[in-house]
Each structure stands twice: as structure tokens, then as C-alpha cells.
Amino acid sequence: MGDKIPLERIDDNRWRIPRRYNDAMNVPGIVYADNELLEMILNDNALQQVANVATLPGIVGHSLGMPDIHWGYGFPVGGVAATDAESGVVSPGGIGFDINCGVRLLATDLLRDQIKGSVDRLADELYRNLPSGVGGDGMRLLNEAEMREVMVRGAEWAVDEGYGTAADLEVTEENGRLAGARPEAVSRQAILRGMKQLGSLGSGNHFCEVQVVDHIYDEKAAEALGLAQKGQVVVTIHCGSRGFGHQVAEDYIKLAESKQQQYGFNLVDRQLACLPLQSEEGQAYLGAMACGANFAWANRQLLMHGVRQAFASVFGRKARPKDMPMVYDVCHNIAKMEEYKIDGEMKRVCVHRKGATRAFPAGHPAVPEKYRAVGQPVLIPGDMGRYSFMLVGAPGSMEQSFGSCCHGAGRRLSRTAAKKAVGSKQLIEMLENKGVTIRVHSKNLLAEEAPQAYKDAQQVVNVVHNAGLAQLVVRLKPMIVVKG
DNA sequence: ATGTTC
């Protein structure tokens with residue numbers, strides 16, 4: 001610990017942490033970064049966590065760090081690790097506290113100029129329709145039977161209840177319903193928290209943004225995604241499983257910690273606490289995690305419904321989903337059982353994506369048919385002052401990164417450092433000057449999410465693009481930000 | 001991220 005980590009340069013976008021760094025490493029580490037991003041990464045010690053993850057029992061391939069990597073609980077945020085399905089483990093900290101934190105993007109048939117005169121009304125209406133704030137209740141209070149349905153059926157339940165349409169499910173990762181959910185593996189406490197919070201944004205870096213297509217990198221892919229018009233208005237929702245997923249994570253992190261000795265795991269960091277995939281506890285975690293994932297998909301489905309209603313009300317028309325078609329919903333905090341070729345042999349593995357987005361290439365059967373020729377949409381939110389991106393998965397992700405790429409800009413300053421760097425009043429002024437209208441639940445927390453607190457998302461996506469993990473399609477600029 | 005110190 002604390003030793004200088006030896007880094008070997010592979011090429012302009014890749015660095016290797018060799019196994020010789022630490023006897024306990026079962027595989028080397030690989031980090032994706034250009035020179036400038038690497039400097040920032042070295043500042044917060046996240047590479048130590050990449051090396052730590054490489055010591056997990058049954059890890060295969062490489063312990064991976066994406067260009068938006070930063071310090072997290074046990075695993076770095078922006079980390080990917082695959083463990084052998086037979087001999088490996090699942091580490092709840094390797095998924096993170098916000099199970100199925102993810103991003104959803106809706107297109108609209110409106111252009112920037114058509115909404116210019118209605119920005120304040122639209123911002124107010126979105127803010128009114130999307131409950132937010134720490135500990136905030138959601139749009140829909142659930143009874144226990146409904147909560148069970150949400151845990152098992154996710155967004156599919158929401159559609160049956162009238163929030164959106166079946167077409168939305170076709171463009172949601174896992175169709176908004178991850179198999180293997182086990183409500184009986186979820187604590188009472190988690191269920192009670194979840195029953196109050198469905199259809200809420202929460203706080204932190206979660207948001208709903210109205211954005212404009214600002215630059216098109218790939219006409220053909222943009223056309224396939226329905227984002228081919230410069231100036232087109234779109235809406236991004238970034239949110240997860242709220243207090244429900246948080247409680248599931250906390251419960252299983254505690255359980256895993258209590259079992260480390262029994263399983264003979266002597267890990268370099270107790271936050272890596274893990275459970276054998278073939279154990280009852282490991283399977284219970286995956287079943288509970290699926291409940292968390294499904295809750296998050298239902299949550300984003302309700303939030304999207306609120307967005308469609310807000311637009312309909314402001315623009316005086318019916319809330320027809322076909323006027324605001326959903327483009328895609330992708331998760332960036334989850335573990336998935338998938339198969340990859342490792343050392344020339346197909347292997348079933350548990351892919352931990354923590355602050356990492358699935359990025360399946362064209363032709364992959366899990367990519368919705370309408371996008372199959374271009375690849376799975378990859379949504380990368382940036383910061384609220386600059387821009388966000390839409391990419392599609394590229395073949396390199398299957399060869400290098402277990403079908404994964406980055407998830408966002410990545411934090412550059414800690415929350416406390418960010419608050420020191422900028423005041424919220426000053427920040428709101430700065431955003432308004434840039435043409436970004438903001439509605440925020442807690443002004444106090446806003447500075448933590450200031451653009452200065454984040455790396456430049458453009459730099460981050462350039463690295464995954466150049467490394468062949470995903471391909472740039474469009475860039476989006478924020479117009480309205482609604483936050484917790 | 002988070003009923004932000006169960």
C-alpha cells in the first residue's frame with residue numbers, strides 16, 4: 001500500500017499495471033486514459049483500487065479502469081472486473097451502492113427554436129413533475145404486493161400500470177426486467193424504503209436534462225437512433241434505485257464482511273468483501289441485486305412518464321409517446337453473467353460494471369433489432385455546464401473490456417473540494433450565462449456537482465472511441481437542468 | 001449514491 005504503482009504504456013490510450021506490482025494480483029490491470037486524464041487519475045489513487053480488484057478470487061482477463069475512473073468503495077468508480085462463474089466471487093462493493101444507476105434518453109420532435117420561448121415554463125413543469133431531494137418520496141406510493149411486482153418485473157410492471165408503452169421496453173437494457181430477481185432475499189428495511197420512492201430523482205449527480213443535439217459525428221448511426229437533426233431537443237434522465245438499492249447494497253456488504261473468514265478470503269481491502277458465486281449467499285446477493293436493478297428500471301420508466309406529461313402540458317398537446325420516443329436506457333452499476341473468449345476459450349463470467357456502461361457492438365443479439373446494424377446505444381452524461389454524448393458499442397469492447405466502456409465524465413474534485421471551489425449562487429449565475437436554466441431542490445448540494453468538479457467528458461469519450469470500445473455518434477448540450 | 005453519523 002502506498003507504493004508507487006508501476007505503469008507500462010501500451011499505447012496512446014492504454015496503460016498496464018503489471019502483476020509484479022503485488023504478489024496477490026491474479027491478473028494485470030489495464031487503465032484507459034490519455035496523458036492528461038492519467039495525471040488526474042494518479043491524483044486520487046484509484047489505480048491502487050484497480051490493483052486491489054485484481055486480487056479477487058477467480059478474476060479473469062484484466063482488472064479494468066475506464067478513463068472516468070475515480071476513487072470508490074472498494075472498487076473504483078469506472079471499474080470493470082469479470083470473475084469465473086464456477087470458481088469466482090461476486091463483490092457487492094463492485095456494483096456499488098446505487099444498484100442500476102443508469103441513463104435514459106428520449107428524443108422529441110421539437111427543435112431548439114420551438115422551445116426557446118417556453119424554457120422557464122418547461123423547467124417549472126419538469127421540476128413539479130419529478131420528485132427530487134434526499135429522502136424524497138416518489139410519484140407513486142406502493143403497497144407490498146406492488147413492490148413485489150416492481151422487484152420482479154421492473155419497467156414491465158410500470159408499462160402495465162400505464163407509464164409508457166411496450167415500445168419503451170424494447171429499447172431498455174434487459175427490456176427493463178433482469179431475470180433471477182429474488183424478493184425473499186431483500187430485507188424488510190429495503191422494501192419499506194422502496195415502497196415510498198418509486199418515481200423519484202433523488203439527489204447527488206442524478207438529474208433530468210433537456211438537451212440539444214449539438215454535433216453529429218456519425219450520420220448513419222445518428223439516423224438509426226433517431227437523433228439525426230442538429231438542434232433537435234432530447235431529454236436525458238440519470239437516476240438509479242434510490243434508498244432501495246442502497247439498502248440492498250448495505251445489507252449484502254455487511255453480510256459479505258461477516259463471511260470473509262469463513263470462506264478463507266484474506267483480501268487486501270475489507271471493502272472488497274465478496275461471496276462465492278456458487279454459494280447460497282452469493283446467489284442471494286445476485287437475486288437481491290436484480291430486485292434493485294428492476295426497481296431502478298421501473299423508477300426511470302415513471303420519471304420518463306413525468307417528462308412526457310410535462311412536455312405535453314407546456315406545449316398544449318396529448319402526451320403521445322410516439323412524439324417523444326425513447327432512444328435507449330442503459331445501466332452503469334450492475335453485475336451480469338455473460339460469456340467471453342478468454343485465452344482462446346469461451347468462459348462464463350460475472351461482469352462487475354461499477355460506473356461502467358455496457359457497450360455491445362453491432363450484430364450482438366442483446367442489441368435491439370432496430371439498432372442491431374449500428375450497435376448498442378451508450379449514453380454518457382457529462383457535467384451540467386458542458387455536454388453529454390451518445391455513442392454505440394464497438395467490437396473492441398468484446399475483445400478488451402467484457403463488453404464495457406466508460407459511464408460519464410468522472411469526478412475530478414471531491415464533494416468537499418467542489419464546494420470550496422464554487423458557491424451555489426455563483427454557479428447558477430455562471431450556468432444561466434451559458435444558457436442553461438436550472439431548477440434545483442437543494443442549492444446547498446449544487447456546488448458538489450459543478451462542472452469544475454468533473455473531468456471533461458469530451459476527453460473521456462475520445463479515449464473510449466480511440467481505444468475501439470465505443471464509437472461517437474452525437475454530442476448534446478444542456479438547456480434545462482432539474483436536480484435534487 | 002444515501003432517511004448524507006444505523
Side-chain angles (χ1 to χ4, degrees), chain A residues 44 46 49 68-79 91-104 130-138 141-142 147 186-208 237-255 257-258 271 288-289 291-293 295-297 299-300 303 331-335 352-357 381 383-384 407-419 424 440-450 453-454 483-484:
Chain A
D44 96 338
Q49 293 190 313
D68 50 341
I69 189 173
H70 59 96
W71 186 265
Y73 182 93
F75 281 53
V77 176
S91 174
I95 286 82
F97 280 92
D98 192 3
I99 294 166
N100 190 3
C101 185
V103 194
R104 172 174 296 218
L130 307 175
S132 65
V134 178
D137 290 351
L141 304 185
L142 303 175
M147 183 64 197
V186 175
S187 72
R188 181 88 201 133
Q189 202 182 358
I191 287 170
L192 290 172
R193 285 178 78 170
M195 284 163 62
K196 296 186 291 189
Q197 294 190 318
L198 194 71
S200 63
L201 265 180
S203 182
N205 65 1
H206 289 164
F207 62 78
C208 170
I237 296 166
H238 175 217
C239 188
S241 51
R242 306 282 286 101
F244 177 64
H246 194 276
Q247 190 63 51
V248 169
E250 189 185 319
D251 292 341
Y252 279 91
I253 285 170
K254 273 191 190 139
L255 174 74
E257 278 182 350
S258 76
Q271 294 185 351
M289 182 208 71
C291 292
F295 185 92
W297 274 312
N299 190 30
R300 293 197 286 275
L303 290 167
C331 162
H332 52 230
N333 279 5
I334 204 160
H352 297 64
R353 295 192 183 97
K354 178 177 180 180
T357 310
D383 63 74
M384 58 177 130
H407 86 305
R411 221 169 234 296
R412 192 168 72 83
L413 301 178
S414 72
R415 290 178 180 279
T416 24
K419 271 202 265 204
S424 62
V440 59
H441 189 100
S442 161
K443 286 199 173 131
N444 226 352
L445 298 176
L446 187 66
E448 297 182 359
E449 301 303 324
Y454 286 91
K483 287 185 67 65

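Throughout, protein chains are lettered first and strands after them, A, B, ... in sequence-line order, and every chain is numbered starting at 1. Just so we're clear, the structure is a prediction, and the values are computed from it rather than from any experiment.
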Over how many whole Å does the gap from [X] atom [atom1] to [N] atom [atom2] extend?
{"X": "A:Gln247", "N": "B:dT2", "atom1": "CD", "atom2": "C1'", "value": "10 Å"}
{"X": "A:Ile253", "N": "B:dT2", "atom1": "CD1", "atom2": "C1'", "value": "12 Å"}
{"X": "A:Asn333", "N": "B:dT2", "atom1": "CG", "atom2": "C1'", "value": "13 Å"}
{"X": "A:Lys254", "N": "B:dT2", "atom1": "NZ", "atom2": "C1'", "value": "13 Å"}
{"X": "A:His441", "N": "B:dT2", "atom1": "NE2", "atom2": "P", "value": "12 Å"}
{"X": "A:Leu255", "N": "B:dC6", "atom1": "CG", "atom2": "C1'", "value": "17 Å"}
{"X": "A:Tyr252", "N": "B:dC6", "atom1": "OH", "atom2": "C1'", "value": "18 Å"}
{"X": "A:Gln189", "N": "B:dT2", "atom1": "CD", "atom2": "P", "value": "16 Å"}

Step through it carefully: locate the ring centre of A:His441, locate the ring centre of A:His206, and say whether they are under 6.0 Å apart. no
When the ring planes of A:Phe295 and A:Phe244 are compared, do they come out parallel, tilted or perpendicular, using 30° and 60° as the limits? tilted
Counting only side-chain nitrogens and oxygens, does A:Arg415 get under 4.0 Å of the OP1 or OP2 atom of B:dT4? no
Considering only side-chain heavy atoms of A:His246, which listed nucleotide, B:dC6, B:dT4, B:dT2, is closest? B:dT2
Listed by chain and number, what are the side chain to side chain contact (heavy atoms under 4.5 Å, CB included) partners of A:Leu141, not counting sequence neighbours? none
Please identify each residue that fulfils side chain to side chain contact (heavy atoms under 4.5 Å, CB included) with A:Lys443, with sequence neighbours left out. A:Ser424, A:Ile428, A:Val440
By the 4.0 Å heavy-atom rule, please label [X] as base, sugar-phosphate, or nothing.
{"X": "A:Ser203", "result": "sugar-phosphate"}
{"X": "A:Gly243", "result": "sugar-phosphate"}
{"X": "A:Gln197", "result": "sugar-phosphate"}

First of A:Phe97 and A:Gly133 reached from the 5' end of DNA chain B, by closest nucleotide: A:Phe97
Strictly distance-based, threshold 3.5 Å: is any side-chain N or O of A:Glu448 a donor or acceptor partner for the main-chain N or O of A:Arg415? no
